[in-house]
> 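Can you read through this structure? Questions will come right after.
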Amino acid sequence: MPERSGADGPALGPRDLRLVGLRKAFGSAVAVDDLTLTVPAGSFFALLGPSGCGKTTTLRMVAGLETPTAGQVLLGEEDISRRRPYERPVNTVFQSYALFPHLSVEENVAFGLRRRGRKNVKGVVAEMLELVELGGFGRRRPGQLSGGQQQRVAVARALINEPEVLLLDEPLGALDLKLRRQMQLELKRIQTRVGSTFVHVTHDQEEAMTMADTIAVMNAGRVEQLGTPRELYERPVTRYVANFLGQSNILDGSVVEVRGNETLVDVHGVGLLVPGRLGAPGSTASFGVRPEKALAVAGDPTHRDPALRNAIPGTVTDVSFTGLSTQYVVRTPWDQELGVFTQNAGGETLVRRGDPVVVAWRPEHTFPLAAGTGAMPDDEPAAPPVMAPVSS
Amino acid sequence: MNAVVQAVRRHAVMAVGVLVLVYLFLPVAVVVLFSFNDVTGRFNFTWQGFTLDAWRHPCRVPGMCEAVTASLQIGAIATVVSTALGTLLAFALVRHRFRGRESTSLLVFLPMATPEVVMGASLLTLFVNAGVATGFATIVIAHILFTVSFVVVTVKARLAGFDSRLEEAAMDLYANEWQTFRRITLPLAAPGILSGALLAFALSFDDFIITNFNSGNTITFPMFVWGAAQRGVPPEVNVVGAAMFVLALLCVGGAELLRRVRTARR
Amino acid sequence: MTALLTTPTGAATPAEEPTVPPERRRVPYLLLLPGLLWLAVFFVVPLVTLVSTSLQTGSLEEGYALTFSWSTYSDVWSTYSSQLLRSFLYAGSATVLALVIGYPLAYAIAFKAHRWRNLMLVLVVAPFFTSFLLRTLAWKIVLADDGWVVGALQTVGLMSDTGRLLATPAAVVLGLTYNFLPFMVLPLYASLEKMDPLLLEAAGDLHATPVTAFRTVTWPLSLPGVVAGTLLTFIPAAGDYVNVQFLGTPNSQMIGNVIESRFLTVLDYPAAAALSITVMAVVLILVVAYVRRVGARELL
């Protein structure tokens, strides 16, 4: 696999975590399929996907708890794929923490240091417990702590070893919503402070977006798309990503013609503009628009804003008010339901159920999707999703 | 009305349970009581008066204390060996997937399903055919054999609830295979191994039928009781029985107390 | 954005190998080796020896030779049919009794004892710490003709003045029940304890009477414990000869007594071996039936 470096990409850091052609099969079930990606040193990286997508298996291969069927795990130029877990500068915060029940909090935290022969660990341990705000809990047993406290012990126990890479396997999954929010910020704070590479596995898209610099969305053992939270949200390249992160209105049609940097697509007789050159006239094209980018207006939308050049007529079938926004469902003449979120900023014209409206948005807010029918997060393994390269 | 029926039902079950416990303890109480019997004559079957004589000089009955010593020695050796063998077997059965696992389970179970008289007889035929004289060593061999399955069961029960992620966590925290075993696996499995060992010792110390087939001239405590039963059991024998009972209860109580103190202190 | 993603090249996938490295695959066998060796030498080989002994003919003076004579079996079956039948009858009665009185105890410990649970469990096991022989001898005292039990029963009129308990089949069955009761209670408790008490509440909520709830929910769920307890009680009871010796009479012997005297006193090895194999075969049939019923997984 050629590495991209120099001219068309940023130089590789000396201790980036690199997965090259990584594959893991359990019998005939392929958990991770030819995965190649680079996690820059010092970044907060999230592997996001539903359960069973291979993200935890990937993490375990990095930790050394699973042996790859094929491929390599590299730290900089160093191949660590065949090293035992205790020979890697990598530590893990386990999903249900896996704190040692027979050892005190202190001894749990000191465990890694002691195994590496460090003496006089008391001071360092106390310092680390302070960092995770557990000073004074050192003599307790893990069983006497709350879920949030146990989670912080698990973080402290891993971090005290100053790992080059810290792996977090759904570390907040067992916590309630409020505590989870708080721990998200706390983990982010700790990462900024210690500067290690964090690889965070989660199925919670909001958690990944809040914490990570870079997210890799995984599906069925592969990475669907990789990018910053904003890139993934604004420019999803597959249906899977478009639906897994937030909601999308997805439309299918055929190309009429390419007009400069835009493509005119015919969707059930409605002409819509999509940025980019989608293909030869007659070829099928799919694209989407986020509900909050669209408006539902009565009459000609270009009267309100000339930039609202994409418009689909329809009828309002449902209106729900959520406080922050009003959410409309609009049924198109071909019976597709489109979502429209209007921010509750005041001064909106009221639209009622049954009103004829036009759903309108700016062509530049449209995101083209890779051809083919990608699997939705909800319906299980349809056709294998399309793998799309992302330019950085 | 319903509440009354419920209450009666709850207490009825408990009352039956307590009665059954009384049934279980009745003979124990008799054993303890008759260790204080002031026996005149050969048979310790009727209450004749209270005395501490038997407790003061338990060894005055010829051969009894030698028999107790033999039983303790046999029990100690058999316990060490069968705990080691049983623990290894339990680890293999719980922690590993291998070909023949089901048949191994069955083989380990079968000694428990074998009537003692059959096991004792079969071992005796082996020793007779091999020309091995029965005695101390053959008793030890037999005791290891019939206790090992019980050790496996006990240790397995403890290991079944073992979270293997703890070992992964240890390896992730720079503990190699040996350190992981020494620092995590062993301490967490220890209570199971300990109860397995205690069970093995108790079974060995109390075994009569298998021992009877393979004892040669060696006399264990149960063998001594069997012999004495023909002539009349002196109260000193009851003293040993009662003392074992009290000792065992003290051990159990002490262990429980230790556990509580530990959890309270931490 | 600095992270890079490259499209897969569709490289040929290597053969799907189990990922346990070969030196680790040996580990379970190394763990098994000493224990299985012990079981093979001192359990399997002796059973085979026992079978071969049962097929020998000859006499103690002239020595025994393997002649594959099955006649020993038919001989001992006809000679000792009453002892064989009595053994299984006594063991069966003791097992049923142990189930009947052990079930409420196990149930009480599992669902009613709450914080006394551990104490009650210790109490179930505690009698074991006193010698089995001594406890059986203690029953001899309790059931003695001039003992208080017989006295009380005679006073109340439940027993004639010449009636006795000692040296009766009832005393033997009582002794057997007593000796192996904990082997019934512990597996029962183990399977009841696993049960969610909410299930019973749910059954009650669905208008099941307590009896129906027991019949349709508790009992079926405790069945593995019932079967395990039954086996663990029946097997040792069928082979026991101590209870008959202490509490029974010489003319109510069980098969254990016969095997013991044939082996240790008469030294008629083929007959004793044939009887042992017979007992073992009956037990094995029971075990196989058990495995069929609840699966080998529940055995250990």
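First the proteins, then the strands, lettered A, B, ... as listed; each starts at 1.
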> Measure distances from Ala144(C) to the heavy atoms of chain B and classify the residue's part below 4.5 Å as side chain, backbone, both or neither.
neither
> Under a 4.5 Å heavy-atom cutoff, which of Leu33(C), Ile259(C), Leu39(C) has the most pairs with chain B?
Leu39(C)
> Taking side chain as everything from C-beta outward and backbone as N, CA, C, O, which of these in Val237(B) sits under 4.5 Å from a heavy atom of chain C? Side chain, backbone, both or neither.
both
> Please check if the side chain of Tyr178(C) supplies one atom and the backbone of Leu24(B) the other of a donor-acceptor pair under 3.5 Å.
yes
> Top residue by heavy-atom pair count (under 4.5 Å) with chain C, among Val16(B), Leu89(B), Val246(B)?
Leu89(B)
> Taking side chain as everything from C-beta outward and backbone as N, CA, C, O, which of these in Leu134(C) sits under 4.5 Å from a heavy atom of chain B? Side chain, backbone, both or neither.
both
> For the interface with chain C, which of Ala130(B), Ala248(B), Ala113(B), Ala142(B) has the highest count of heavy-atom pairs at distances below 4.5 Å?
Ala113(B)
> What part of Trp116(C) lies closer than 4.5 angstrom to a heavy atom of chain B: side chain, backbone, both or neither?
neither
> Relative to each other, are the rings of Phe213(B) and Phe263(C) parallel, tilted or perpendicular (30° and 60° limits)?
perpendicular
> Evaluate the criterion side-chain contact (heavy atoms from CB on, under 4.5 Å) for residue pair Val122(C) and Leu249(B); output intermediate values, then yes/no.
CA-CA 9 Å; Val122(C) 169; Leu249(B) 280 194; 4.3 Å; yes
> Scan Phe245(B), Phe221(B), Phe208(B) and name whichever one has a side-chain contact (heavy atoms from CB on, under 4.5 Å) with Ser131(C).
Phe221(B)
> Below 4.5 Å, heavy-atom pairs only: which of Val252(B), Thr114(B), Val225(B) has the largest tally toward chain C?
Thr114(B)
> Tell me, side chain or backbone of Ile144(B) under 4.5 Å from chain C's heavy atoms, or both, or neither?
both
> Chain B heavy atoms under 4.5 Å from Leu174(C): which part of the residue, side chain, backbone, both or neither?
both
> Between Ile141(B), Asn129(B), Val148(B), which shows the greatest number of heavy-atom pairs under 4.5 Å with chain C?
Ile141(B)
> Is chain B contacted by the side chain of Asp146(C), its backbone, both, or neither, given a heavy-atom distance below 4.5 Å?
side chain
> Under a 4.5 Å heavy-atom cutoff, which of Gly86(B), Pro27(B), Pro115(B) has the most pairs with chain C?
Pro27(B)
> Would Tyr23(B) and Trp139(C) count as a ring-ring contact (aromatic ring centres under 6.0 Å, His included) if you check the C-alpha gap in whole Å, the side-chain angles of each, and the deciding distance to 0.1 Å?
CA-CA 11 Å; Tyr23(B) 170 62; Trp139(C) 277 114; 5.5 Å; yes
> What part of Val48(C) gets within 4.5 angstrom of chain B, counting heavy atoms only: side chain, backbone, both, or neither?
neither
> Taking side chain as everything from C-beta outward and backbone as N, CA, C, O, which of these in Tyr269(C) sits under 4.5 Å from a heavy atom of chain B? Side chain, backbone, both or neither.
side chain
> Examine whether an atom of Tyr103(C) lies under 4.5 Å from a heavy atom of chain B, and if so say whether it belongs to the side chain, the backbone or both; otherwise answer neither.
neither
> Heavy-atom distance under 4.5 Å to chain C: side chain of Phe205(B), backbone, both or neither?
neither
> Could you tell me which of Gly239(C), Pro182(C), Gly35(C), Pro46(C) has the largest number of non-hydrogen atom pairs under 4.5 Å with chain B?
Pro46(C)
> Please flag which part of Thr177(C) lies under 4.5 Å from any non-hydrogen atom of chain B: side chain, backbone, both or neither.
both
> Can you tell me which portion of Leu275(C) sits under 4.5 Å from chain B's heavy atoms? Options are side chain, backbone, both or neither.
neither
> What part of Val124(C) is in contact with chain B, defined as an atom under 4.5 angstrom from a non-hydrogen atom: side chain, backbone, both or neither?
both
> Taking CD1 in Ile219(B) as the centre, count heavy atoms belonging to other residues, nucleotides or ligands within less than 6.0 Å. Is the count above 12?
no
> Count the heavy-atom pairs under 4.5 Å between each of Asp207(B), Thr87(B), Leu19(B), Val20(B) and chain C, then report the option with the highest count.
Val20(B)
> Tell me, side chain or backbone of Leu32(C) under 4.5 Å from chain B's heavy atoms, or both, or neither?
both
> Among side-chain atoms of Asn212(B) and Tyr241(C), is any donor-acceptor pair under 3.5 angstrom?
yes
> Quick one: what part of Phe111(C) sits under 4.5 Å from any heavy atom of chain B, side chain, backbone, both or neither?
neither
> Measure distances from Trp226(B) to the heavy atoms of chain C and classify the residue's part below 4.5 Å as side chain, backbone, both or neither.
both
> Does any heavy atom of chain C fall under 4.5 Å from the side chain of Arg95(B), the backbone, both, or neither of them?
neither
> How long is the gap from CG on Leu21(B) to CG on Leu123(C), to the nearest 0.5 Å?
5.5 Å
